[in-house]
Amino acid sequence: MIVDRMAADLGLKAGFIHSFARGASHAYKTYPIPKRGGGSREIDHPSRQLKAMQRWLLEYVLPGFPVHRAAAAYRKGRSILDNAAIHAASRFLLRMDCEKFFPSITEADFRRYISDRPSLFADWTPFDVDVVSMIVFKYSHLTIGAPTSPAISNILCFDMDSALTDLAVRYGAMYSRYADDLFFSTQRPNILRPLQIEVEKTVSQLELPAGLTINASKTRHSSKRRLRRVTGIVLGSDGDPHIGRSLKRRIRSLIHRVDSLNPRARAQLAGLLAYAIGLDSGFLNSLIMKYGYGTVAKARRAGG
């Protein structure tokens with residue numbers, strides 16, 4: 001029934017969608033983009049037809065599934081500032097990173113989720129499950145580039161977010177997740193290092209998603225004595241979040257390329273600008289001086 005609804009809304013036949021979905025893993029253009037820390041990552045950009053199907057699912061189907069409150073990324077009304085504010089008043093901060101986050105979340109995880117929560121899929125047929133799986137996974141893995149990947153990752157990480165929230169509570173800490181970044185904070189000393197060991201163990205033993213691992217090389221401990229940073233926001237010793245140099249550099253880089261950004265990237269830039277200016281009103285004036293009022297005004301418009 002999901003596929004029938006998609007077909008009706010997109011003006012297609014269900015049989016065509018099924019036939020297209022069977023070859024959907026080939027309907028991507030793959031290219032590398034540089035990473036801020038060096039090296040590159042592969043982006044899988046779906047074809048126009050595949051993207052239309054994915055966007056339909058993103059608009060009409062995926063919002064119906066629960067997302068844990070600890071998940072701060074890819075959600076309407078939530079921002080990097082909201083995520084940072086959770087940890088701003090704490091003395092100690094732990095940041096951990098999930099390695100190869102999207103590709104580690106698989107079709108098998110999706111089917112396990114369906115099996116564990118049949119009531120959420122009462123109006124889905126086996127045909128729907130097969131077709132949707134082929135549309136949102138590339139060779140059975142989530143991709144960086146498909147518009148559905150962020151939402152699906154949040155949905156399928158519900159059990160992990162729940163387990164890590166409970167673990168943090170037992171240690172007297174706060175937990176949030178922003179995409180692949182896990183953040184824990186506390187007022188109490190000597191808590192986060194033993195918690196780190198428990199987090200690594202918990203993630204490695206997850207049944208859903210089953211393939212996530214912690215990238216130990218990116219684990220960072222910090223305190224009020226040192227710079228604490230959460231998703232580009234600096235947590236000041238005054239207990240308030242502040243915009244940091246790295247986020248300012250990121251915004252300047254995006255403004256410099258504003259005419260070449262796609263609509264999604266422009267919307268992200270507009271959001272980043274809104275939060276940055278809210279934290280540092282003088283930053284807006286510096287941008288206008290550097291790029292001109294017209295360019296900055298264009299960057300502040302989410303639609304380009």
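Everything quoted here is computed from the prediction, not taken from an experiment.
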Side chains of [X] and [Y]: closer than 4.5 Å at any heavy-atom pair?
X	Y	value
Asp9	Glu59	no
Phe16	Gln49	yes
Ile277	Arg300	yes
Ser115	Arg111	no
Leu273	Leu287	yes
Ile255	Arg252	no
Val203	Met96	no
Leu182	Cys98	yes

Just checking, is any N or O donor in the side chain of Asp166 or Tyr175 under 3.5 Å from an acceptor N or O on the other one?
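Their side chains do not contain a donor-acceptor pair, so the 3.5 Å distance test is not met.
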Pair Asp128, Thr125: side-chain N/O donor-acceptor within cut-off below 3.5 Å:
yes
Rounded distance (nearest 0.5 Å) linking atom [atom1] of [X] with atom [atom2] of [Y]:
X	Y	atom1	atom2	value
Asp123	Met1	CG	CE	5.0 Å
Tyr113	Glu207	OH	CD	15.5 Å
Leu272	Ile251	CG	CD1	5.0 Å
Asn83	Ser176	CG	OG	3.5 Å
Leu208	Cys157	CG	SG	8.0 Å
Ile17	Ile2	CD1	CD1	11.5 Å

Just wondering, are more than 12 heavy atoms of other shown residues or ligands nearer than 6.0 Å to [atom1] in [X]?
X	atom1	value
Arg193	CZ	no
Lys100	NZ	no
Glu198	CD	yes
Asn190	CG	no
Gln205	CD	yes

For the side chain of [X] and the backbone of [Y], is there at least one donor-acceptor N/O pair under 3.5 Å apart?
X	Y	answer
Thr295	Gly292	no
Ser25	Tyr139	yes
Ser133	Val129	yes

May I ask you to decide whether Asp181 forms a salt bridge with Lys218, counting only side-chain N to carboxylate O separations under 4.0 Å?
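No salt bridge links Asp181 with Lys218.
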Salt bridge or not for Asp116 and Arg112, using N-O below 4.0 Å?
yes
Derivation of the side chain to side chain contact (heavy atoms under 4.5 Å, CB included) call for Thr143 and Thr30:
CA-CA 10 Å; Thr143 70; Thr30 302; over 6 Å; no
Atom of [X], atom of [Y] and distance for their closest heavy-atom approach:
X	Y	answer
Ala27	Leu50	O-CD2, 3.8 Å
Gln54	Thr148	O-CG2, 3.1 Å
Ala168	Phe184	CB-CD2, 4.1 Å
Phe101	Ala179	CZ-O, 3.7 Å
Met53	Leu12	CE-CD1, 4.2 Å
Ala210	Asp109	N-OD1, 3.0 Å

Show, in sequence, the C-alpha distance, side-chain angles and deciding distance for Ile155 and Val67, and conclude whether the side chain to side chain contact (heavy atoms under 4.5 Å, CB included) test is met.
CA-CA 5 Å; Ile155 292 166; Val67 173; 4.2 Å; yes
Less than 6.0 Å separating the ring centroids of Phe20 and His26?
no
Hey, can you tell me if [X] and [Y] have their rings parallel, tilted or perpendicular (30° and 60° cut-offs)?
X	Y	value
His256	Tyr291	tilted
Phe65	Trp124	perpendicular
Tyr60	Trp56	tilted
Tyr178	Tyr74	tilted

According to a 4.5 Å side-chain heavy-atom criterion applied to Ile, Leu, Val, Met, Phe, Trp and Tyr, with indirect links allowed, do [X] and [Y] form part of one hydrophobic cluster?
X	Y	answer
Val199	Phe158	no
Phe110	Leu120	yes
Ile197	Ile214	no
Leu93	Met174	no
Leu195	Ile86	no

Quick one: do His45 and Asn262 satisfy side chain to side chain contact (heavy atoms under 4.5 Å, CB included)? Show the steps, please.
CA-CA 12 Å; His45 188 78; Asn262 60 38; 5.6 Å; no
Test side chain to side chain donor-acceptor pair (under 3.5 Å), reference Asn154, set Arg75, Arg177, His68, output is Arg177
Before giving the answer on side chain to side chain contact (heavy atoms under 4.5 Å, CB included), spell out for Asp259 and Arg266 the whole-Å C-alpha distance, their side-chain angles and the decisive distance to 0.1 Å.
CA-CA 9 Å; Asp259 289 329; Arg266 286 200 177 190; 3.9 Å; yes
